[in-house]
There are 2 protein chains.
Amino acid sequence: MQRHQATIKEIAQKLGVSISTVSRALQNNTRIGLRTRERVWELAKTMHYVPNPAAIFLKKNRTYTIGVLLPYLQEEFFSMAISGIEDVALEKGYNVVVSQSRDKFDREEKALKSFLSSRVDGVIASVAAETNNYSHFKEVEHFGTPLVFFDRVPRNLEANKVRCSITDGAFEAIEFLIGKGIKRIALMNGPSNLEVCDERLNGYLTAIKKFNLETSPKYIKSTDLSKEDTIIKMKELLALEEPPEAILTFNDYLALYAMQVCKQKGLVPNKDMLFVSFANLPMTFYLDNPPLASVEQFAYNMGVKATELLINIIENPAEEMPPYQEIVMNTKLIVH
Amino acid sequence: MQRHQATIKEIAQKLGVSISTVSRALQNNTRIGLRTRERVWELAKTMHYVPNPAAIFLKKNRTYTIGVLLPYLQEEFFSMAISGIEDVALEKGYNVVVSQSRDKFDREEKALKSFLSSRVDGVIASVAAETNNYSHFKEVEHFGTPLVFFDRVPRNLEANKVRCSITDGAFEAIEFLIGKGIKRIALMNGPSNLEVCDERLNGYLTAIKKFNLETSPKYIKSTDLSKEDTIIKMKELLALEEPPEAILTFNDYLALYAMQVCKQKGLVPNKDMLFVSFANLPMTFYLDNPPLASVEQFAYNMGVKATELLINIIENPAEEMPPYQEIVMNTKLIVH
DNA sequence: CTGTTAGCGCTTTCAT
DNA sequence: ATGAAAGCGCTAACAG
């Protein structure tokens with residue numbers, strides 16, 4: 001249980017060579033004789049030598065760590081994205097530090113501060129539902145740390161973004177409902193500060209218009225994504241003189257909350273009231289009565305793309321890169 | 001976008017004092033005059049000074065980082081545990097690095113290697129379903145890094161462990177079924193290398209015995225926790241001459257897989273075949289027909305306890321501590 | 001109350 | 001082909 005790890009210094013002493021020789025040998029620098037290199041490698045292995053990353057950082061100013069900030073690990077969407085992030089990061093030699101904002105602005109601020117103080121090489125973030133001021137993110141860039149937003153990207157902020165074409169997904173979802181002969185379609189959206197919510201709204205409105213249907217502000221609800229708020233808004237929809245026949249929800253969870261309200265009111269979900277949602281989470285496979293359809297957002301792939309972009313930015317001098325990059329991925333409506 | 005961060009050296013120069021004065025002032029060392037301390041703090045703030053953790057590590061041989069290794073982030077049980085881990089860790093000034101083994105032995109090995117090479121101060125781990133050789137974990141201890149197992153603790157290995165009293169939970173679950181007049185109860189367990197599986201089996205057998213029921217090896221199935229294997233084992237149970245009337249499953253997911261098999265065979269779950277499971281995951285709240293009851297394991301709290309124990313070990317000299325500690329938490333049967 | 005100095009483990013320039 | 005030495009940012013023993 002000795003809290004001591006082998007260093008190049010020790011290797012150098014045992015071998016009777018200098019520290020710099022060992023350092024170079026370990027980097028397979030050809031300036032060092034083959035024989036010496038072999039001896040160094042051999043001893044390093046038997047001594048269980050592992051380079052000390054802090055020392056390397058001090059020299060190179062790189063931690064080979066990326067910070068990931070997202071609302072909830074518990075949401076399958078995000079844990080799937082993490083898997084994608086982790087796979088790419090580990091393969092490219094980076095570690096991943098994860099923090100949850102729990103959709104709170106102050107947690108988000110703290111997490112970013114902590115990322116900066118631990119000198120992560122880059123940050124991937126999906127913004128909290130509460131956030132509508134991005135100064136803490138600007139601080140990250142001001143600190144010189146590359147930042148990539150994914151999925152929940154901020155509105156009106158130039159930045160690196162990886163997201164999917166929610167607008168198209170919403171359009172396709174509405175089109176699907178219209179194809180079922182539905183006329184009155186409501187939108188149970190998220191908080192208006194998120195661009196992903198604008199997109200849902202745009203896709204919804206575009207489809208409504210294109211197919212000559214009507215909607216009304218009463219059919220368009222904004223929630224803070226919580227169960228409580230969703231229930232309130234759902235009750236409002238059901239209390240309308242002409243309640244909608246179908247609802248497009250921000251994600252699968254909101255659909256499930258809303259479906260519970262339906263049941264309480266004696267309505268059979270997907271029969272008396274149709275549901276289509278976003279995310280297409282694996283958990284819905286377990287449900288007897290999942291939303292009729294859901295817009296698959298390919299969370300894992302978005303994680304992969306975001307990480308590739310981030311590492312690309314980290315490893316390439318700013319001059320050679322365009323100021324900001326945006327990657328937009330396709331969605332796909334999955335009918336259950 | 002300057003990739004340069006303030007250092008105490010710069011602060012010292014601007015203030016015309018020595019580096020060590022600044023270092024001490026920043027630590028609020030009373031040996032430094034109040035006035036000086038104030039001036040240092042003020043300048044540090046305006047210069048956005050953030051201490052460089054790598055430099056501190058180099059001195060103190062501490063990274064203030066803990067590595068968490070678990071099977072799947074996607075499983076709510078683990079993501080809830082992470083929340084508990086994160087909350088304690090952040091509060092005590094530690095960062096959290098997460099890795100998933102995906103129940104694979106070689107991923108587990110790699111993740112541990114990576115933890116060691118990044119010199120985490122301690123490791124919290126829940127072992128992979130595949131693992132039945134613990135040499136990679138022994139390597140961690142040999143390296144001098146404190147290790148705490150949680151929930152899926154290894155069998156026959158002395159170590160720090162935080163787990164819950166699965167045996168009692170299993171007993172209570174069987175008792176519950178017996179109270180419903182059920183006679184033939186099967187156990188759909190996990191892989192036998194996990195101690196948590198022994199415990200399920202023990203609790204099951206103890207209850208069967210105590211209430212003078214009978215069971216048979218045919219009623220006791222071991223799975224690798226995958227959906228595929230669960231389906232196979234479930235079909236075997238249903239194909240028996242006298243199929244069980246109720247099944248206790250390793251966790252909620254297995255119950256859901258098994259229930260799907262029932263439905264395919266025309267049986268109504270929880271009517272023709274009763275299900276009781278472990279974990280009591282929030283996702284089951286969304287189900288129309290969740291398992292009849294589930295043994296709550298308080299994942300968040302286990303995460304909290306494991307982290308408290310680990311940090312305790314990290315921060316206290318080995319001499320003052322018992323060699324290994326084991327914390328066993330209570331479970332609670334939740335009837336749905 | 002404050003400064004000087006050595007050193008944590010490693011890379012890298014400059015010598016040889 | 002190899003070594004000496006400086007320095008990354010910080011702490012802490014020692015010296016006033």
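All values below come from the heavy atoms of this structure, side chains included, with hydrogens, waters and symmetry mates left out. All chains are named by letter (A, B, ...) in the order of the sequence lines, taking the proteins before the strands, and each is independently numbered beginning at 1.
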Trainee: State plainly whether the residues Lys45(B) and Glu42(B) are in salt-bridge range, i.e. N to O under 4.0 Å.
Mentor: no
Trainee: Answer whether the closest heavy-atom distance between the side chains of Leu73(A) and Val98(B) falls below 4.5 Å.
Mentor: no
Trainee: Can a salt bridge be assigned to the pair Glu308(B) and Lys92(B) using a cut-off of 4.0 Å between side-chain N and carboxylate O?
Mentor: no
Trainee: What about Arg24(A), does its side chain sit under 3.5 Å from the base of dT13(C) through a donor-acceptor pair?
Mentor: yes
Trainee: Test ring pair (Phe, Tyr, Trp, His ring centres under 6.0 Å) on His136(B) and Phe105(B) and set out the steps.
Mentor: CA-CA 10 Å; His136(B) 50 320; Phe105(B) 178 79; 4.7 Å; yes
Trainee: Flag the pair Arg35(A) and Glu38(A) as a salt bridge only when some basic side-chain nitrogen lies within less than 4.0 angstrom of an acidic carboxylate oxygen.
Mentor: yes
Trainee: For the helix from dC1(C)-dG16(D) to dT16(C)-dA1(D), what angle lies between the axis at the first five pairs and the axis at the last five pairs, to 10 degrees?
Mentor: 50°
Trainee: Please report the C-alpha distance between Glu108(B) and Phe137(B) in whole Å, then the side-chain angles of each, then the deciding distance to 0.1 Å, and finally whether the side chain to side chain contact (heavy atoms under 4.5 Å, CB included) criterion is met.
Mentor: CA-CA 9 Å; Glu108(B) 196 171 70; Phe137(B) 286 110; 3.6 Å; yes
Trainee: Once rounded to the nearest 0.5 Å, what's the spacing between atom CD of Glu139(B) and atom NE2 of His48(A)?
Mentor: 5.0 Å
Trainee: Which ones in residues 25-35 of chain A lie close to DNA chain C, meaning a heavy atom under 4.0 Å from one of its atoms?
Mentor: Gln27(A), Arg31(A)
Trainee: Phosphate oxygens OP1/OP2 of dG3(C): is one of them under 4.0 Å from a side-chain N or O of Ser18(B)?
Mentor: yes
Trainee: DNA chain C: Ala55(B) or Lys59(A), which has the more 5' nearest nucleotide?
Mentor: Ala55(B)
Trainee: Quick check on dT2(C): is either OP1 or OP2 less than 4.0 Å from any side-chain nitrogen or oxygen of Ser20(B)?
Mentor: no
Trainee: Go nucleotide by nucleotide along DNA chain C from the 5' end; which of Leu58(A) and Ile19(B) gets its closest nucleotide reached first?
Mentor: Ile19(B)
Trainee: Looking at Thr7(A), does any N or O in its side chain come under 4.0 Å of the phosphate oxygens OP1/OP2 on dG9(C)?
Mentor: no
Trainee: Can you see if the side chain of Ser23(B) gets near the phosphate of dA12(D) - specifically, an N or O under 4.0 Å from OP1 or OP2?
Mentor: no
